[in-house]
Every structure is written in structure tokens, then in C-alpha cells.
Amino acid sequence: MITIKDKQFVPYIHHEQIAERIATLADKLNADYKGKNPILIAILNGAFIFAADLVRHLTFDHEIQFVKYSSYDGMDTTGDVKELIGLSIDIKDRDVIVVEDIIDTGTTMYNILPKLKEKGVKSVEIAVLLMKPGKLQVPLDVKYCAMEIPNEFIVGYGLDYDGVGRNYKSIYVVKED
Ligand code: IMP
Ligand code: MG
């Protein structure tokens, strides 16, 4: 068990299982993007560890960019997406893969996708480590998802609780008291 601020968390997804799922996801991407040269757009902060592990499995040429939006405060999604760090390169006519840590309500992705599409991309797909399908509130077409989980709050492997806990190798779930 680990303690972060006022909450306790228990082991949930072991890092070996995370690694297996990412390798499987990478296989799909490697098949679909063979011979293409997409741009991966990873969403800071949460996706930094997933993106780092994912790209080391990729066998097609690609570039990676990091962007940052603000939407999540403590344990609730505010629904408001602000751009904090934007794209520094032209993505017109490019295949884009958005790399995200977790899709909860889907609000963040739902707000980001039109911003990318209006830049004239050739294609855009989502590659996400985790999804909570039971919490999705908007229509989202997620082509690449490593794992689905129930409506639980988790930390570790890049995911934080109030800014803390991203460093854990495995994923932990909040222990309700
Ligand atoms: P959405 O906009 O509701 O889909 O929220 C997506 C963002 O909320 C993710 O990029 C995460 O940063 C954050 N988030 C959602 N669920 C969790 C969780 O269980 N733990 C930590 N962060 C989460
Ligand atoms: Mg995030």
C-alpha cells in the first residue's frame, strides 16, 4: 500500500502487465503505420512515461511532439481545456497519433481533436494507455487502447493524484475508506 497526501492506494496493475499491453499495442501500430511517417503528439504531463515506453517499440519512422493542456484538478474533471504548451511544428497533411495516458470522461480528447483536425491533418488517431468506458461522456473513436478499467481513480506510471505519484512503476488504485 502507498500513501499520497490524504489517500491510500493499493496495487492494481503490475508494471510487467503494463509492459505486455504496451508491446501488444505497439504491434498494432507497427502494422498500421508501416511505411508511413506519422507525428506522435503526446499529452503532458501524464503521457510522458507511456510515450517513452511506447516509442521504443515502434519500428516505423516517426516524430514526437509534446503538448500540454490543463483540465484535471485533484480527482475531478473540470471540463475546461486550456492550452498551456502548443504545437511547434506544422501538422498539415500529416498522419497524427495522439498519445494520452488515460481517457476518463473523454472531455480532454474531445476538445483537442478538433484543434488538430482544423490544422489540416491527413489522419488522426488516438493511442491511449487506459480507458474508463463507464465514465465516457462524449462520442470518441479510440482506435488504440492498451487497457480498459472500471470507474476507479488510479495513480502511477505517469498518472498523478494532485501532482504526486507519477514515479511509481506500477499502477495503484485508491482505497476507499
Ligand atoms: P477526461 O478529460 O475526463 O477524459 O480526463 C482525462 C485526464 O484526466 C487524463 O489525461 C488524466 O490526466 C486525468 N485522469 C483521469 N482519470 C484519472 C485517474 O484515474 N488518475 C489520474 N489522472 C486521471
Ligand atoms: Mg493527461
Side-chain angles (χ1 to χ4, degrees), residues 1-15 17-19 21-22 25 29 39-55 64-87 96-118 124-177:
M1 197 178 68
I2 58 173
T3 302
I4 300 174
K5 301 196 174 181
D6 59 331
K7 302 245 176 263
Q8 294 182 319
F9 295 82
V10 291
Y12 194 53
I13 308 172
H14 193 267
H15 62 80
Q17 193 187 346
I18 299 171
R21 295 299 188 95
I22 291 174
L25 190 78
L29 290 165
I39 299 181
L40 274 61
I41 299 181
I43 315 290
L44 294 171
N45 293 319
F48 77 117
I49 290 179
F50 172 45
D53 282 346
L54 179 68
V55 295
I64 184 162
Q65 289 276 313
F66 292 86
V67 297
K68 184 169 184 174
Y69 299 86
S70 166
S71 71
Y72 215 77
D73 182 25
M75 287 178 63
D76 293 302
T77 295
T78 61
D80 175 35
V81 177
K82 277 180 291 189
E83 190 176 283
L84 302 178
I85 300 173
L87 271 177
V96 169
I97 305 169
V98 183
V99 179
E100 175 64 310
D101 52 356
I102 186 164
I103 293 176
D104 185 270
T105 63
T107 312
T108 309
M109 265 310 129
Y110 189 74
N111 283 283
I112 291 172
L113 284 181
K115 290 180 203 263
L116 299 176
K117 285 179 182 162
E118 77 191 13
V124 58
E125 298 294 349
I126 298 168
V128 66
L129 179 69
L130 294 142
M131 256 193 101
K132 301 178 192 172
K135 287 198 72 181
L136 200 63
Q137 287 173 12
V138 290
L140 263 193
D141 189 8
V142 181
K143 190 161 181 188
Y144 306 98
C145 173
M147 292 177 275
E148 293 189 350
I149 59 166
N151 300 349
E152 313 257 35
F153 189 82
I154 55 174
V155 295
Y157 198 80
L159 293 149
D160 69 302
Y161 168 49
D162 206 11
V164 180
R166 300 189 193 276
N167 52 308
Y168 291 98
K169 285 200 182 85
S170 296
I171 290 174
Y172 294 76
V173 64
V174 71
K175 186 168 171 278
E176 299 299 349
D177 34 32

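No experiment lies behind these values; they were computed from the predicted model shown. Order of appearance sets the numbers: ligands from 1, and atoms from 1 within every ligand. All residue numbers in this chain count up from 1 along the given sequence.
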Met109, any N or O under 3.5 Å of ligand 1 N or O: no

Within-cut-off N or O pair, Gly106 and ligand 1, under 3.5 Å: yes

Which ligand 1 atoms are under 4.0 Å away from a heavy-atom of [X]?
| X | value |
| --- | --- |
| Thr107 | 1 (P), 2 (O), 4 (O) |
| Asp101 | 9 (C), 10 (O), 11 (C), 12 (O) |
| Thr108 | 1 (P), 2 (O), 5 (O), 6 (C) |
| Phe153 | 17 (C), 18 (C), 19 (O), 20 (N), 21 (C) |
| Glu152 | 19 (O) |

Relative to ligand 1, is [X] under 4.0 angstrom through side chain, backbone, both or neither, heavy atoms considered?
| X | result |
| --- | --- |
| Lys132 | side chain |
| Leu159 | side chain |
| Val155 | neither |

Options Asn45, Asp104, Ile171, ranked by nearest heavy atom to atom 5 (O) of ligand 1, top entry: Asp104

Whether Gln137 lies under 4.0 Å from ligand 1, heavy atom: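 Contact absent.
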
Exceeds 12 heavy-atom contacts within 6.0 angstrom, atom OH of Tyr110: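 No, OH of Tyr110 has 12 or fewer neighbouring heavy atoms, counting only those of other groups under 6.0 Å.
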
Heavy-atom neighbours of Lys169 NZ exceed 12 at 6.0 Å: no

Atom pair CE/CZ of Met147 and Arg21 - distance to nearest 0.5 Å: 6.5 Å

Any side-chain donor near an acceptor of the partner, Tyr69 and Asn111, under 3.5 Å: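 Side chains of Tyr69 and Asn111: no pair found under 3.5 Å.
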
Side-chain (Lys132) to main-chain (Glu152) donor-acceptor, under 3.5 angstrom: yes

Contacts of Val55 that satisfy side-chain contact (heavy atoms from CB on, under 4.5 Å) - sequence neighbours left out: Leu40, Leu58, His62, Ile64

Validation row: Val173, Phe9 side chains within 4.5 angstrom (heavy atoms):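 No, their side chains stay 4.5 Å or more apart.
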
Among Ile22, Leu159, Asp101, the one residue meeting side chain to side chain contact (heavy atoms under 4.5 Å, CB included) with Phe50: Ile22

